[in-house]
Amino acid sequence: MTDGSNNFPAMERIVQDYWKNDQTFQASLEQRKDAPEYIFYDGPPFANGLPHYGHLLTGYVKDIVPRYRTMAGNYVPRVFGWDCHGLPAELEAEKQLGINQRHEVEEMGLEKFNEVCATSVLKYADEWESYVNRQARWVDFDNGYKTMDIEFMESVMWAFKELYDKGLIYQGFRVLPYSWAEHTSLSNQETRLDDSYKERQDPSLTVSFPLTGTRAGSAAEKTLAENPIFRDVEAVAWTTTPWTLPS
């Protein structure tokens, strides 16, 4: 900074303003539009709640991978989207309406209830866009999709029909948790899996990070580095999800 201070938030905004005025993200796509395409699938969030710290952490990973693939020479379009269906959307709408019984929804009428859900599910869309942009993540909001868009729903139907025509759709039975309050089955990752109750070995990794005194510049840092307590000390990370290690 010109005054010699390290005002990091101000520095970040200067960079982000430059990217915005220069349209750097759009230019990076335009320069590579004829390059091999790299698709990065990103599960869309609900916009009926504010983003939190967890979204901040995962958002960085979702930005690092597309940036790397872009620098590697790929065309990497990434479009933001919104999940507009499911129990969270219905529960939030019921909360706003002050109801919690199925008969109350029926008395109101499904059409009106769906309208409330459609409005509620995008309540914090602007806050999400501001949050993601402030995070310095490059993603296209202008052409963002919503799962309640007719075009999106028709694309899902098309994909289902393609699977059906190829004989990949079958009818089966499985046990699912059920909500008597909502009169619907509850989605759960483990119970959706065919092999959820089989014993199996999954990979896990243990990675060590040596703690060194290579940055011992000041007297205090030098004293810390020379302290025998910190000699040959390593921080150990254990994970069953190895794909998180790059972050």
Side-chain angles (χ1 to χ4, degrees), residues 8-86 88-89 121-122 124-163 166 168 189 192 203 205 207 237 239-247:
F8 293 115
M11 294 166 65
E12 290 177 357
R13 292 192 181 279
I14 290 173
V15 173
Q16 291 172 3
D17 288 342
Y18 174 82
W19 285 346
K20 181 179 180 180
N21 297 328
D22 180 66
Q23 295 188 326
T24 311
F25 171 47
Q26 292 79 2
S28 71
L29 295 175
E30 185 65 24
Q31 289 176 352
R32 295 165 177 82
K33 62 181 180 180
D34 297 325
E37 188 175 31
Y38 182 89
I39 299 298
F40 184 83
Y41 289 107
D42 178 9
F46 284 94
N48 59 358
L50 290 170
H52 52 71
Y53 183 62
H55 295 113
L56 180 72
L57 294 177
T58 57
Y60 279 121
V61 180
K62 294 176 180 181
D63 192 49
I64 289 173
V65 174
R67 283 179 184 266
Y68 167 76
R69 296 307 313 182
T70 299
M71 290 188 291
N74 292 110
Y75 172 67
V76 193
R78 45 267 202 203
V79 179
F80 210 81
W82 308 107
D83 189 351
C84 307
H85 293 113
V121 80
L122 296 176
Y124 298 108
D126 291 340
E127 284 83 353
W128 269 88
E129 182 172 354
S130 174
Y131 184 91
V132 173
N133 287 332
R134 184 68 182 86
Q135 186 183 344
R137 180 180 173 189
W138 281 359
V139 68
D140 183 0
F141 276 97
D142 294 336
N143 299 301
Y145 67 90
K146 299 184 290 292
T147 60
M148 62 182 175
D149 291 339
I150 295 297
E151 295 82 0
F152 184 91
M153 291 189 289
E154 289 180 344
S155 72
V156 175
M157 296 174 187
W158 170 86
F160 185 87
K161 185 177 185 302
E162 289 290 305
L163 294 171
K166 294 178 181 180
L168 300 175
Q189 182 180 8
R192 283 203 310 265
L205 291 178
V207 183
T239 178
T240 57
T241 54
W243 56 88
T244 62
L245 286 175
S247 63

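Values below: every heavy atom of this structure, side chains too, minus hydrogens, waters and symmetry copies.
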K.L.:
Who pairs with Arg137 by salt bridge (charged side-chain N to carboxylate O under 4.0 Å, His left out), at least two apart in sequence or on another chain?
P.N.:
Asp42

K.L.:
According to side-chain hydrogen bond (donor to acceptor under 3.5 Å, both in side chains), who are the partners of Thr24, at least two apart in sequence or on a separate chain?
P.N.:
Asp22

K.L.:
Can you name the residues that form a side-chain hydrogen bond (donor to acceptor under 3.5 Å, both in side chains) with Asp140, not counting sequence neighbours?
P.N.:
Asn143

K.L.:
Heavy atoms only: give me the nearest Pro44-Asp83 pair and the separation to one decimal.
P.N.:
O-CB, 3.6 Å

K.L.:
Roughly how far, to the nearest 0.5 Å, is CZ of Phe160 from CG of Leu168?
P.N.:
10.5 Å

K.L.:
Within a radius of less than 6.0 Å around CZ of Phe141, do more than 12 heavy atoms belonging to other residues, nucleotides or ligands occur?
P.N.:
yes

K.L.:
Return the CZ to CZ distance between Arg67 and Phe40, rounded to the nearest 0.5 Å.
P.N.:
12.5 Å

K.L.:
Taking Thr147 for the side chain and Cys84 for the main chain, is one N or O donor matched with an acceptor at less than 3.5 Å?
P.N.:
yes

K.L.:
Working to the nearest 0.5 angstrom, can you tell me the gap between Tyr53 OH and Leu56 CG?
P.N.:
6.5 Å

K.L.:
Determine all donor-acceptor pairs shorter than 3.5 Å in which one atom belongs to a side chain in residues 29-39; sequence neighbours excluded.
P.N.:
residue: Glu30; atom: OE2; partner: Lys33; partner atom: NZ; Å: 2.8
residue: Arg32; atom: NE; partner: Thr70; partner atom: O; Å: 2.9
residue: Arg32; atom: NH1; partner: Ser28; partner atom: O; Å: 3.0

K.L.:
Do you know which two heavy atoms are closest between Gln135 and Gly59, and how far apart they sit?
P.N.:
NE2-C, 3.2 Å

K.L.:
Pair up each side-chain donor or acceptor in residues 10-18 with any protein partner under 3.5 Å, not counting sequence neighbours, and list the distances.
P.N.:
residue: Glu12; atom: OE1; partner: Arg134; partner atom: NH1; Å: 2.9
residue: Glu12; atom: OE1; partner: Arg134; partner atom: NH2; Å: 3.3
residue: Gln16; atom: NE2; partner: Arg134; partner atom: O; Å: 3.0

K.L.:
Could you state the interatomic distance from CG (Leu57) to NZ (Lys62), rounded to the nearest 0.5 Å?
P.N.:
11.5 Å

K.L.:
If you round to the nearest 0.5 Å, how far is NZ of Lys146 from NE2 of His85?
P.N.:
11.5 Å

K.L.:
Report, one line per pair, each donor and acceptor closer than 3.5 Å where one atom sits in a side chain of residues 125-133; sequence neighbours left out.
P.N.:
residue: Trp128; atom: NE1; partner: Gly49; partner atom: O; Å: 2.8
residue: Tyr131; atom: OH; partner: His52; partner atom: O; Å: 2.9
residue: Asn133; atom: ND2; partner: Glu129; partner atom: O; Å: 3.1

K.L.:
Measure the CD1-CD distance between Ile150 and Glu154 for me, rounded to the nearest 0.5 Å.
P.N.:
6.5 Å

